[in-house]
Amino acid sequence: MPELPEAETITRHLRRELLNKRFARVIHCRRDVIRHGHYRELRSFLNTPITRIDRRGKRPFLEIADGRGIVFFLGMTGRLSVCDSTTAVENHTHLRLQLGDSDRELRFNDARRFGGFGFYTRRNECEPVGIDGLGPEPLDVTAPQFRDICARDRQIKALLLDQKYIAGLGNIYADESLFRAGIHPLTPASNLDAKQVSRLLRAIKRVLTEAIEYEGTTIINYLHPDGPGNFQTRLRVYGHEGENCRRCKVPIERMQVAGRSSFVCPMCQPPAA
DNA sequence: AGTAAACTCCGGAAGC
DNA sequence: TGCTTCCGGAGTTTAC
């Protein structure tokens with residue numbers, strides 16, 4: 001599942017490959033993966049330098065000079081890569097953009113099609129469609145901001161997963177952050193005391209920063225097959241149902257929270273009374 | 001109004 | 001082997 005660290009890794013990769021380059025041709029585009037805007041708009045990205053490549057939360061985007069951009073929703077299985085045009089085209093490849101003066105191309109692949117992409121225009125300081133309506137970046141959010149976010153009567157995990165309050169956490173890093181902060185996912189956010197809120201924010205920043213250093217958890221193998229390994233081995237609870245907690249040796253439990261599987265140490269993360 | 005749950009998209013994986 | 005079931009990011013709908 002691509003979350004913020006995976007999006008950051010992909011963004012850096014795209015930046016190395018695409019910044020200041022231009023697309024020359026649309027080789028292929030499956031139109032029904034377009035979330036915002038119209039297929040026609042794709043043409044306007046041709047023969048114009050890409051001036052900015054970044055991400056918002058878990059969504060990478062790229063922009064050309066007039067403020068227009070393409071934002072990618074990776075969903076569960078979305079992947080972005082830049083490769084030689086002669087590279088065999090994998091199944092479920094929904095977008096191929098040929099680079100000018102090069103035999104390379106950008107590809108978007110998404111087996112389950114929960115992902116897609118959208119076009120937007122950045123106007124002044126307003127955040128564009130597809131990148132708007134998102135909460136602050138977890139790595140930038142301040143302690144007072146996070147206190148406000150947590151001041152609502154909602155299960156803390158559901159809150160962390162809701163992109164409009166904080167942008168970039170998905171199921172894996174939400175569970176890992178809650179474990180490291182010693183907080184049960186069902187705890188109403190407004191029940192957390194100041195100490196817990198600050199511990200949670202620190203845990204989030206630590207987990208995400210470390211995961212970025214490891215280039216994410218799941219999807220990076222195809223980008224850097226010879227890379228430094230990934231965050232998989234650093235997960236303490238996610239996917240570890242039935243195994244003994246590293247800290248207290250009590251078996252990790254799996255439960256449903258906000259409709260998602262959640263992995264919890266019942267000892268380190270005591271349920272709210 | 002704010003929250004929560006159900007439903008939708010889809011195909012790979014797991015289970016039988 | 002071949003079927004059925006499970007799973008989920010995020011948007012939408014429905015119900016408190």
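Numbered from 1 within each chain, the chains take letters A, B, ... in sequence-line order. When reading the values below, keep in mind they use all heavy atoms of this one structure, side chains included, and skip hydrogens, waters and symmetry mates. What you are looking at is a predicted structure, and each value in this text was computed from that prediction instead of being measured.
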Query raised in the report: Between Tyr173(A) (OH) and dG9(C) (P), how many Å, whole number?
Result: 13 Å
Query raised in the report: Phosphate oxygens OP1/OP2 of dG9(C): is one of them under 4.0 Å from a side-chain N or O of Gln163(A)?
Result: no
Report summary line: Rounded to whole Å, CG of Asp175(A) lies from P of dG9(C) at a distance of 11 Å
Requested in this report: Indicate, with a heavy-atom threshold strictly under 4.0 Å, whether Arg113(A) touches base, sugar-phosphate, or nothing.
Outcome: sugar-phosphate
Report task. Check the distance between dG9(C)'s P and Leu161(A)'s CG and give it to me in whole angstrom. Result -> 7 Å
Query raised in the report: Between Phe73(A) and His36(A), what is the ring plane arrangement, given parallel below 30°, perpendicular above 60°, and tilted in between?
Result: tilted
Query raised in the report: Counting any heavy atom closer than 4.0 Å, what does Gly115(A) reach on the DNA or RNA strands: base, sugar-phosphate only, or nothing?
Result: nothing
Query raised in the report: What is the distance, rounded to the nearest whole Å, between atom CD1 of Ile166(A) and atom C1' of dG9(C)?
Result: 17 Å
Query - Atom pair distance, as rounded to whole Å: CD in Glu3(A) and C1' in dA10(C) - result: 14 Å
Report task. Using a heavy-atom cut-off of under 4.0 Å over every strand shown, decide if Asp110(A) touches base, sugar-phosphate, or nothing. Result -> nothing
Query - d(NE2, His36(A); C1', dA10(C)) in whole Å - result: 10 Å
Requested in this report: Using a 4.0 Å heavy-atom cut-off across all strands, classify Ser261(A) as base, sugar-phosphate, or nothing.
Outcome: sugar-phosphate
Query raised in the report: Aromatic rings Phe263(A) and Tyr238(A): how do their planes relate, parallel, tilted or perpendicular, breaks at 30° and 60°?
Result: perpendicular
**Report entry** Whole-Å distance separating the CD atom of Gln256(A) from the P atom of dG8(C)
**Finding:** 6 Å
**Report entry** Arg112(A) CZ to dG9(C) P, straight-line distance once rounded to whole Å
**Finding:** 10 Å
Report summary line: When Glu3(A), Glu137(A), Glu6(A) are each screened for salt bridge (charged side-chain N to carboxylate O under 4.0 Å, His left out) with Arg55(A), the one that passes is Glu137(A)
**Report entry** Tyr120(A) and Glu63(A), any side-chain heavy atoms less than 4.5 Å apart
**Finding:** yes
Query raised in the report: Relative to each other, are the rings of Phe72(A) and Phe117(A) parallel, tilted or perpendicular (30° and 60° limits)?
Result: tilted
**Report entry** Heavy-atom side-chain contact between Leu99(A) and Phe23(A) under 4.5 Å
**Finding:** yes
Requested in this report: Taking the side chain as every heavy atom from C-beta outward, state whether Arg52(A) and Arg122(A) have any atom pair closer than 4.5 Å.
Outcome: yes
Query raised in the report: Counting only side-chain N and O atoms of Lys164(A), is one of them less than 4.0 Å from OP1 or OP2 of dA10(C)?
Result: no
Query raised in the report: Between which nucleotides of DNA chain B, 5' to 3', does chain A make heavy-atom contacts below 4.0 Å?
Result: dT3(B) to dG12(B)
Query raised in the report: Base, sugar-phosphate, or nothing: which does Phe72(A) touch, judged by heavy atoms less than 4.0 Å apart?
Result: nothing
Report task. Examine dG9(C): is either OP1 or OP2 under 4.0 Å from a nitrogen or oxygen in the side chain of Arg260(A)? Give yes or no. Result -> yes
Query raised in the report: Can a side chain N or O of Asn171(A) be found less than 4.0 Å away from OP1 or OP2 on dG9(C)?
Result: no
